[in-house]
Enquirer: 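Take a look at this one; I'll ask things after.
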Amino acid sequence: MITIALAKGRLADQTMDLLEQLGMDLSEIRKESRKLIFNTNDGFIRFIMVKPSDVPVYVEYGTADIGIAGKDTLLEEGRQLYEMLDLKIGRCKLVVAGYPERRQSGIINTHIRVATKYPNITRNYFSSRGENVDIIKLNGSVELGPLTGLSDVILDIVESGKTLAENGLVVLEEVCPISARLVVNQVSLKTKHDEIKAIIDGLRKLLEGEAL
Ligand code: PRP
């Protein structure tokens, strides 16, 4: 049996669309429910529904053989696992954002405060440029940082840009593009090689538009 950790939330529907195209029956998971573990009828695959930031944790420990999570989560968690495939869904960008006036004054002209859900990415990003910043970890609605004066800027993901625009904020710097990745436990890749390879090959063909 292969266990797949799926991220609940904004990535869930697109991920399920992709797996259904591979022929997996996800009708049980699609039903509104609080259930967290699902088995396919053939008993070949078990899905566990986890918080996005926990996907790499389950995969590193081998509780899940495969995980699907955003590159942002993988960068932030920095877990030991193999990143096997860019699924090209859940595309967005990690950016530094703030009030437009900061474009003129420069982002880093004094010791600034950065609010973010991604403290590790933020530390790495600014320290790689030799810039020291105060990082304030938030768990959501990070845009409130500059709006309330809690922080000078934010480092966050932008998808449509609507949240920034509706709150009078702009992108100041692009950090990196983000999309969903398929990751695999390092031991599982050896012990369950054929099963995992079949799933990855199927997804790769789908993404390349080849018939399965
Ligand atoms: C994310 C992100 C931004 C918003 C960007 O938050 O942190 O706030 O989406 O999307 P947009 O560019 O399409 O407006 P999410 O909706 O995941 O909720 P959260 O703030 O509670 O984490």
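Quantities reported herein were computed from a predicted structural model and do not represent experimental measurements. Just so you know, ligand 1 is whichever comes first in the structure, and atom 1 is the first atom listed for that ligand. Side-chain atoms are counted along with the backbone in the values below, which use heavy atoms only and exclude waters and symmetry mates.
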Enquirer: Using the side-chain hydrogen bond (donor to acceptor under 3.5 Å, both in side chains) definition, which of the options T40, T3, N39 pairs with R46?
Expert: T3

Enquirer: Do any N or O atoms from the side chain of E83 and from the backbone of V183 form a donor-acceptor pair under 3.5 angstrom?
Expert: no

Enquirer: Measure across L74 and R181 and return the closest heavy-atom pair with its distance rounded to 0.1 Å.
Expert: CD1-CB, 3.7 Å

Enquirer: Just jot down the salt bridge (charged side-chain N to carboxylate O under 4.0 Å, His left out) partners of E143, sequence neighbours excluded, or say none.
Expert: none

Enquirer: Can D72 and K117 be counted as an ion pair, charged N to O under 4.0 angstrom?
Expert: no

Enquirer: Identify the protein atoms, limited to N or O, that lie within less than 3.5 Å of an N or O atom of ligand 1, and list each pair with its distance to 0.1 Å.
Expert:
| from | atom 1 | to | atom 2 | distance (Å) |
| --- | --- | --- | --- | --- |
| ligand 1 | 7 (O) | K117 | NZ | 2.8 |
| ligand 1 | 7 (O) | D156 | OD1 | 3.1 |
| ligand 1 | 7 (O) | D156 | OD2 | 2.6 |
| ligand 1 | 8 (O) | E143 | OE1 | 3.2 |
| ligand 1 | 8 (O) | E143 | OE2 | 2.7 |
| ligand 1 | 9 (O) | R10 | NH2 | 2.7 |
| ligand 1 | 12 (O) | E159 | N | 2.9 |
| ligand 1 | 12 (O) | S160 | N | 3.1 |
| ligand 1 | 12 (O) | G161 | N | 2.8 |
| ligand 1 | 13 (O) | S160 | N | 2.8 |
| ligand 1 | 13 (O) | S160 | OG | 2.6 |
| ligand 1 | 14 (O) | T163 | N | 2.9 |
| ligand 1 | 14 (O) | T163 | OG1 | 2.4 |
| ligand 1 | 16 (O) | R10 | NH2 | 2.9 |
| ligand 1 | 20 (O) | S141 | N | 2.8 |
| ligand 1 | 22 (O) | K117 | NZ | 2.4 |

Enquirer: Can we say E173 and R129 salt-bridge, meaning some charged N sits less than 4.0 Å from an Asp/Glu carboxylate O?
Expert: yes

